[in-house]
S.K.: 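Next up is a structure, given as structure tokens.
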Amino acid sequence: MSTANTKKFEPLQHHFANLNQQYECASLGMWLFLVTEILFFGGIFLAYTIYREMYPDAFAAGSHHLSILLGCINTAVLISSSFTMVMAVHTARLGKKHATTWFLLLTLILGCVFLGIKAVEYTEKFTHHLVPNNTFHFEGFDGPGIRIFYSIYFALTGLHALHMVIGAVILVIIMIQNMQGRFSAEYNSPIDMFGLYWHFVDIVWIFLFPLLYLLGRHA
Amino acid sequence: MESKKNYLTNGHTVGSWLLTIDHKRIGILYLLSVTAFFMLGGFFALLLRLELLTPRGDLFTSDIYNRIFTMHGVAMVFFFMIPAIPAAIGNFVLPIMVGAKDLAFPRINLLSWYLYIIGAALAFVSIVMGGVDTGWTFYTPYSSTYSTSAVTSAALGVFIAGFSSILTGLNFIVTVHKMRAPGMTWFRLPLFVWAHYATSLIMILGTPVIAVTVLLVFLERAFGFGFFDPRLGGDPVLFQHLFWFYSHPAVYIMILPSMGVISELVAAFTKKRPFGYEFIAGSSLAIALLGFFVWGHHMFVSSQSMYAGIVFSIITFLVGVPSAVKIFNWLATFYKGSITFETPMIYVLGFFGLFMVGGLTGLFLAIMAIDVHVHDTYFVVAHFHYIMVGGTVMGYLGGLHYWWPKMSGKMYNEALGRIAAIGIFLGFNLTFFPQFIAGYLGMPRRYHIYAEEFQIFNILSTGGAMVLGLSFIIPIFNMLWSLKFGKDAPANPWNAKGLEWTIPSPPTTHNFETTPIVTEEAYAYAPHDKGGH
Ligand SMILES: [Cu+2]
């Protein structure tokens, strides 16, 4: 998509018979990519499952220390951003260029709000020595597993945040492309495909939030 | 003007190669890079065999020896065998076989090569920094708590090369689903394509798991996350589970494409439709599926419960079924075939011999009681070399000779090709068969100082390695020779069936002038075979 074109942008690539075939390829490719993402996150989810089973008390103590309020706000922010993303895809299919730009912008803003709140949470962890390195120190629970909890917390939320950052960068790119008039009612698959990615990242959070913040809180 | 040129002459600048999105050129880029790593890995193997000539440590310290066998494994597994057939040969012929102008995502295909190169460069950096001493398996805590070597850059290299593998697999799956020419139904696909489809499934389902595993090791090393560190509550065995969840299926990433090649070669040099086409196709998928449920057979002695061990043992035995289905079907194809013995066919016969020894000794190892006895001995080393070299490399070289006229437009020297194929078969057996015996008698792997009684086996093995090494040089020489002096290749030098033989050698950039319309099955050889079954 990024080849420098002095000519008018030609949506159909040379090796496809028609736009429909190109769309079907992109769509299947994106879904397969998301499958690989599930397995990628799956490795850490497996570690979570095993260590939670091994150290239930440490995990309960660790999750008590996470801010349920910030977690809830972030969940709401992300779900809203998925809604605005759906609207962007919808308006793009109708060929409403300006509406699409606005919805993409809203999605971007919500994504950044999420990352901002996440940064606040991370800062709090740093000041309280809850980052799993040599200065790690946790008040109120002594025993193995508490550092593992925070390792998993940072691995999962960090990887998720990285996906959000990558998503935000791509959002900016397709927003600019949209403003340049590259997409139309006939050709808008990049927005469509990005939507799939964005929803996936959203769903990962929907799993992360209860697993890290909620489960075992009342144990 | 473009139509007069073939893909090799369409652009001569370095940029026209490094920025190409033509699947054939990317295949050639991969071919050159994996050959470089094959030679690097072979060089390390040579050092190992020289050291093992005597029971004492003559050439290296234990520490250096550890690094050499690790780098041999890393170079060969991650940078040669995994990409060799799919990314080099598959990239070249798979789109043509399905009747497409290119893979579904040509730019992603190029990206995958660059990721491979970045990964390879990082692995190379770690060699220059003194190498890695963990073994190619990167087991924790060797790779985390106790490592003093350049693990980080090597692991990062494997991590990045993994994504190149994922992208190749993804590209193949989408291409097979969505880019087939009109009339190219699923059961008209060449068996090579079926094998690569199954391989691609493993690539996209397994590789992300090794990627995240390596990432966790990295986090542990860099920041002190405690996933695999018992002092912090972690469990090093979790690493083994995650590692083998990918790395056992990875064996099938190496062997399935080779089986795909063998299917093509058997058909082409018996001039028959492979017997039981549907079963060969299905057995590829069965191997891919079963391969995900056997990883525990690497952990029979790693604190795994006996009952889990029994289950893993049984499923491992099941893998033998689809493998045998393939072997028996290929053999049945020979019946009443018009068999000729060109170089690729010699490799096919070599494959049969070596793969069967490798496969059957794999069943020995699947039996827990025997595994406890031969675990971590040269028996295991011999077994997986019979599978990987005997399986993968024989298929790779056979396929390379078979499609070389298509790739280069030149014929290699047939006599030289046959000599090399026979030399590799003999040299290989001389190298690795003694290792079965040494291992069974108790010689442990990964030591460079060993008991005197094993020396005779090691001398045989080192002698065989010399024959093997010299024989491997011949195809490289033969291919280079053919570029300058070889006869021009006709479009179909083997009188074989398949869309790739209907277009010129070498093909034009877009493969087909007009999209082909397929009206017959994959191996529609002469009529007298039609009534064969
Ligand atoms: Cu295995």
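Keep in mind it's a predicted model, so treat the numbers as computed, not measured. Letters A, B, ... are given to chains in the order of the sequence lines, protein chains preceding strands, and every chain is numbered from 1.
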S.K.: Using a cut-off of 6.0 Å, state whether more than 12 heavy atoms not belonging to Phe218(B) lie near its atom CZ.
M.R.: no
S.K.: Roughly how far, to the nearest 0.5 Å, is the CZ atom of Phe223(B) from the CZ atom of Phe154(A)?
M.R.: 11.0 Å
S.K.: If you tally heavy-atom pairs under 4.5 Å against chain A, which of Leu167(B), Ile210(B), Leu103(B), Asn511(B) wins?
M.R.: Leu103(B)
S.K.: What part of Tyr55(A) gets closer than 4.5 Å to chain B, counting heavy atoms only: side chain, backbone, both or neither?
M.R.: side chain
S.K.: Just by modelled atom types, is the Gly224(B) backbone N or O under 3.5 Å from a matching donor or acceptor in the Arg147(A) side chain?
M.R.: yes
S.K.: Could you measure the distance from the OH atom of Tyr246(B) to the CG atom of Leu39(A)? Nearest 0.5 Å is fine.
M.R.: 13.0 Å
S.K.: Under a 4.5 Å cutoff for heavy-atom pairs, which residue among Asp229(B), Asp235(B), Ile166(B), Thr213(B) has the most contacts with chain A?
M.R.: Asp235(B)
S.K.: Would the number of heavy atoms belonging to other residues, nucleotides or ligands and lying under 6.0 Å from CH2 of Trp186(B) be above 12?
M.R.: yes
S.K.: Counting only non-hydrogen atoms closer than 4.5 Å, does Ile50(A) touch chain B with its backbone (N, CA, C, O), its side chain (CB onward), both, or neither?
M.R.: side chain
S.K.: Counting only non-hydrogen atoms closer than 4.5 Å, does Leu232(B) touch chain A with its backbone (N, CA, C, O), its side chain (CB onward), both, or neither?
M.R.: both
S.K.: So which heavy atom on Ala104(B) is nearest to which on Cys25(A), and how close?
M.R.: CB-SG, 4.0 Å
S.K.: Is the closest side-chain heavy-atom distance between Gln13(A) and Arg107(B) below 4.5 Å?
M.R.: yes
S.K.: Can you tell me which portion of Leu242(B) sits under 4.5 Å from chain A's heavy atoms? Options are side chain, backbone, both or neither.
M.R.: side chain
S.K.: Any donor and acceptor pair, going by atom type alone, linking the side chain of Gln21(A) with main-chain N or O of Lys178(B) inside 3.5 Å?
M.R.: yes
S.K.: Let's test your reading of the structure: which of Gly29(A), Gly145(A), Gly158(A), Ala26(A) forms the most heavy-atom pairs below 4.5 Å with chain B?
M.R.: Gly29(A)
S.K.: Do the non-hydrogen side-chain atoms of Val212(B) and Phe41(A) ever get within less than 4.5 Å of each other?
M.R.: no
S.K.: Which pair of non-hydrogen atoms, one from Ile173(B) and one from Leu32(A), has the smallest distance, and what is that distance?
M.R.: CG2-CD1, 3.6 Å
S.K.: Within a reach of under 6.0 Å around OH of Tyr114(B), are more than 12 heavy atoms found that belong to other residues, nucleotides or ligands?
M.R.: yes
S.K.: Report the option among Val209(B), Asn171(B), Thr175(B), Leu205(B) that has the most heavy-atom pairs separated by less than 4.5 Å from atoms of chain A.
M.R.: Leu205(B)
S.K.: Just how far is it from atom CZ of Phe40(A) to atom OG1 of Thr207(B), taken to the nearest 0.5 Å?
M.R.: 11.5 Å
S.K.: Heavy-atom distance under 4.5 Å to chain A: side chain of Phe163(B), backbone, both or neither?
M.R.: side chain
S.K.: Less than 4.5 Å to any heavy atom of chain B: does that hold for the side chain of Ile152(A), its backbone, both, or neither?
M.R.: both
S.K.: Quick one: what part of Leu159(A) sits under 4.5 Å from any heavy atom of chain B, side chain, backbone, both or neither?
M.R.: side chain
S.K.: Between Leu238(B) and chain A, with a heavy-atom cut-off of 4.5 Å, which part of the residue counts as in contact: side chain, backbone, both or neither?
M.R.: side chain
S.K.: Any side-chain to backbone donor/acceptor pair from Thr36(A) onto Pro208(B)? Under 3.5 Å, distance only.
M.R.: no
S.K.: Quick one: are the ring centres of His510(B) and His15(A) less than 6.0 Å apart?
M.R.: no
S.K.: Could you tell me which of Pro132(A), Pro144(A), Gly43(A), Ala155(A) has the largest number of non-hydrogen atom pairs under 4.5 Å with chain B?
M.R.: Pro132(A)
S.K.: Determine yes or no for a side-chain-to-main-chain donor-acceptor pair under 3.5 angstrom, with Tyr51(A) supplying the side chain and Phe227(B) the backbone.
M.R.: yes
S.K.: Heavy-atom distances under 4.5 Å only: say whether Met179(B) touches chain A with side chain, backbone, both or neither.
M.R.: both
